[in-house]
Amino acid sequence: MPQVIGVPKETAAGEKRVATVPEVVEKLVKLGFKVSVESGAGDAANCSDDSYRTTGAQIVDGAAKLWAESDIVFKVCVPTAEEVGLMHEGQTLITFIWPAQNPELMQQLAARKVTVLAIDALPRMLSRAQKMDALTSQAGVAGYRAVIEAANAFGRFFNGQITAAGKVQPAKVFIAGAGVAGLAAIGTAASLGAIVRANDTRAEVADQVVSLGGEFVKVDYEEEGSGGGGYAKVMSEGFLQAQREMYAKQAREVDIIITTALIPGKPAPRLITAEMVQSMKPGSVIVDMAAERGGNCELTEPGKSVVKHGVTIVGYTDLASRLAKQSSTLYATNLFRLSEELCKTKDGVINVNMDDDAIRGLTVIKEGAITWPPPALKLPAPPAAKPAAMPKAPKHGEASAPASATRTAVMFGIAALAFWFVGANAPAAFLGHFTVFVLAVFVGYMVVWNVTPALHTPLMSVTNAISSIIAIGALVQIAPPIMGGAVARPEAWIHWLAWVGIALTAVNMFGGFAVTQRMLEMFRK
């Protein structure tokens, strides 16, 4: 029988998201599942009960009935003790769990003999797991919303303007951390016209910052900061000191600071001190996206927006929930992609395959047995470098050095002999044309040979267009010359051959410039 997916109403304070939306319900039904949604579960995300009904979902009154009738439960937030008490043996729960931070919850869930898939435990280094990566989708929404909250608290334009009332300077935004949330914030702030700067311990993200319109601010200290899984690692004290000096300088210069720095399993690192806040200009804004884990700013109050030393410090912990419709849609899509992996037979029955690296990483409890942490992933070994080609040993009696100079001299000698032979036997008029031809071939060869291969297409298209000077010769053949007062008519086959030449060279000419124009457009923004 098809299994029932239950979607309860989130009970966390202020949570507006819902684990699935009507558009995704229709797709889940096509996979063979039955879908039940608690009445009012999607109201805060603009998903009415009627919209769920029209896509094939059943509306259930009350959380207790929904949990009792569901084989699989989709949730957003970590389940509460009351919700754990509603679970029954054999049930499957898919939600955020954070197993390292919630050991007591893990024991409570294991005691219910259920299977739990923690969407936050997805092995993010697997490329095929990206479609199920809810951390990334929610972080992107949060990064966008952080800029909107900053703009709301800032009270000025982000972009510079020149008006009749005077010139408005663009806002300066500094973003600490260029992960998914940070990159989303960079792109949003830059699109609003702000001058954006960003920093990250991972040097490899510098190009991504620049590509989104920001400036990468480097710490004057050499140390690699990649920690795996898309996160940064804990840095040395020397690096942290240099980083603090850089942050202090940015705090004095910029109008808005957005912090996103998190390290898995640890409190958020303190990046912005009280002294830095005091040094900021009055009316400045700090949006601390790490407020839920203690905050990157020393003066952050989680869940609140406060003003200290004339600086507004936004410590909201529900940034993604403040765009409930968008974040719910993305999260629902992540869970649908996971459902596709769990139900490849499309018969409405999931198979938690522990031999699948992605599913194994997600599964923190299997039928009451705690399976977290998962074994280390066996990543494919990098391809072996090709051995350098060994130089061939010279044969007996063969010179070891290449005789390039001798070969070149012989070739030029043969060419000079051939040229002399032609000059001694050919008419004078032919010799002049032949000399121009040889020089043109030599010059053309040298010009093209020294051009990088990446430019061969536009180069050849231009040279094709220029070489269409041959059309002039065809026109001369069509327009007969006047000789001794009489018009010398060319032979018919020459006349028509000239027309064909003009047609072909016209295609060559206009086509060459058209290709060149298209190639140049590729390099323009």
Side-chain angles (χ1 to χ4, degrees), residues 12 15-17 19 45 75-78 95-98 100-101 118-127 129-150 173 175-191 196 198-202 204-205 208-209 211-212 214 225-233 257-269 271 287-296 300 302 314-335 337-338 361-362:
E15 183 56 69
K16 299 178 181 178
R17 290 173 292 177
K75 266 185 60 60
V76 178
C77 297
V78 175
T95 183
F96 284 98
I97 293 293
W98 306 107
Q101 289 77 41
I119 199 69
D120 50 272
L122 180 76
R124 303 173 77 185
M125 63 285 298
L126 296 176
S127 58
Q130 294 177 2
K131 61 185 179 182
M132 303 177 277
D133 190 357
L135 283 173
T136 294
S137 66
Q138 301 305 290
V141 175
Y144 174 89
R145 182 68 189 196
V147 177
I148 302 303
E149 294 292 343
V173 180
I175 296 172
V180 176
L183 292 174
I186 292 167
T188 305
S191 67
V196 184
N199 168 261
D200 197 281
T201 57
R202 297 160 293 185
E204 65 268 18
V205 305
Q208 301 176 39
V209 171
S211 69
L212 290 170
S226 296
Y231 292 97
K233 70 174 185 180
I257 296 177
I258 299 175
T259 64
T260 70
L262 284 172
I263 298 173
K266 297 181 180 293
L271 306 177
V287 180
D288 193 340
M289 295 185 63
E292 189 174 7
R293 303 288 293 279
N296 296 136
T300 296
V314 180
Y316 297 146
T317 58
D318 60 347
L319 290 172
S321 182
R322 289 172 179 257
L323 286 172
K325 178 64 176 179
Q326 183 66 75
S327 54
S328 296
T329 301
L330 293 174
Y331 183 68
T333 302
N334 294 140
L335 295 191
R337 297 303 182 188
L338 173 57
L362 284 168

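Predicted model, so just to flag it, every value in this text is computed and none were measured.
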Undergrad: Which value, rounded to the nearest 0.5 Å, describes the distance between Asp200 atom CG and Ile175 atom CD1?
TA: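 Taking CG in Asp200 and CD1 in Ile175, the distance rounds to 11.5 Å.
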
Undergrad: State the CZ-OG1 distance between Arg124 and Thr136, to the nearest 0.5 angstrom.
TA: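 Rounded to the nearest 0.5 Å, the CZ-OG1 separation comes to 4.0 Å.
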
Undergrad: To the nearest 0.5 Å, how far apart are OH in Tyr144 and OG1 in Thr188?
TA: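 Between atom OH of Tyr144 and atom OG1 of Thr188 there are 6.5 Å.
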
Undergrad: What heavy-atom pair brings Ala181 and Met289 nearest, and what distance separates the two atoms?
TA: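 In terms of heavy atoms, the two residues are closest at CB-CE, 3.6 Å.
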
Undergrad: Short question: side chain of Thr95, backbone of Lys75 - any donor-acceptor pair under 3.5 Å?
TA: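 Answer holds: yes.
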
Undergrad: Show the nearest heavy-atom pair for residues Ala290 and Ala268, with the distance to one decimal.
TA: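 Smallest interatomic distance, heavy atoms only, reads CB-CB, 3.7 Å.
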
Undergrad: Under a 3.5 Å threshold, yes or no: a donor from one side chain and an acceptor from the other, between Arg145 and Ser327?
TA: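 Side-chain D/A pair, Arg145 to Ser327: absent.
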
Undergrad: Roughly how far, to the nearest 0.5 Å, is CG of Asn296 from CG of Asp288?
TA: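 So the CG of Asp288 and the CG of Asn296 are separated by 5.0 Å.
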
Undergrad: Hey, is OH on Tyr316 packed in by over 12 heavy atoms from elsewhere, all under 6.0 Å?
TA: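 Yes, OH of Tyr316 has more than 12 neighbouring heavy atoms, counting only those of other groups under 6.0 Å.
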
Undergrad: With side chain to side chain contact (heavy atoms under 4.5 Å, CB included) as the test, pick out the partner of Ser137 among Leu330, Thr329, Val180.
TA: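 Only one option passes, and that is Leu330.
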
Undergrad: Measure the CD-NZ distance between Gln101 and Lys266 for me, rounded to the nearest 0.5 Å.
TA: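 Separation between the atoms: 11.0 Å.
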
Undergrad: What is the minimum heavy-atom distance between Ala291 and Gly315, and which atoms define it?
TA: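 Heavy atoms only, the tightest pair is CB-O, 3.2 Å.
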
Undergrad: Kindly give the heavy-atom pair with the smallest separation between Val287 and Ala150, and that separation in Å.
TA: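 Result for this residue pair: CG2-CB, 3.7 Å.
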
Undergrad: Compare all side-chain heavy atoms of Leu135 with those of Leu122 and state whether any distance is below 4.5 angstrom.
TA: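 SC-SC contact between Leu135 and Leu122 ruled out.
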
Undergrad: Identify the heavy atoms of Lys325 and Ala45 that sit nearest to each other, and give their distance.
TA: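 It is CD-O, 3.2 Å.
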
Undergrad: Of the non-hydrogen atoms in Pro269 and Ala261, which two are nearest, and what is the gap between them?
TA: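 The answer is CD-O, 3.6 Å.
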
Undergrad: Roughly how far, to the nearest 0.5 Å, is CD1 of Ile97 from CG of Leu362?
TA: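 Reported value, rounded in 0.5 Å steps: 11.5 Å.
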
Undergrad: Have Ser321 and Asp318 got a donor and an acceptor in their side chains that come within less than 3.5 Å?
TA: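 No.
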
Undergrad: With a 3.5 Å distance limit and no angle check, can you tell me whether Thr260 reaches the backbone of Gly177 through a side-chain donor-acceptor pair?
TA: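 Pair found, side chain donor or acceptor close to backbone of Gly177.
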
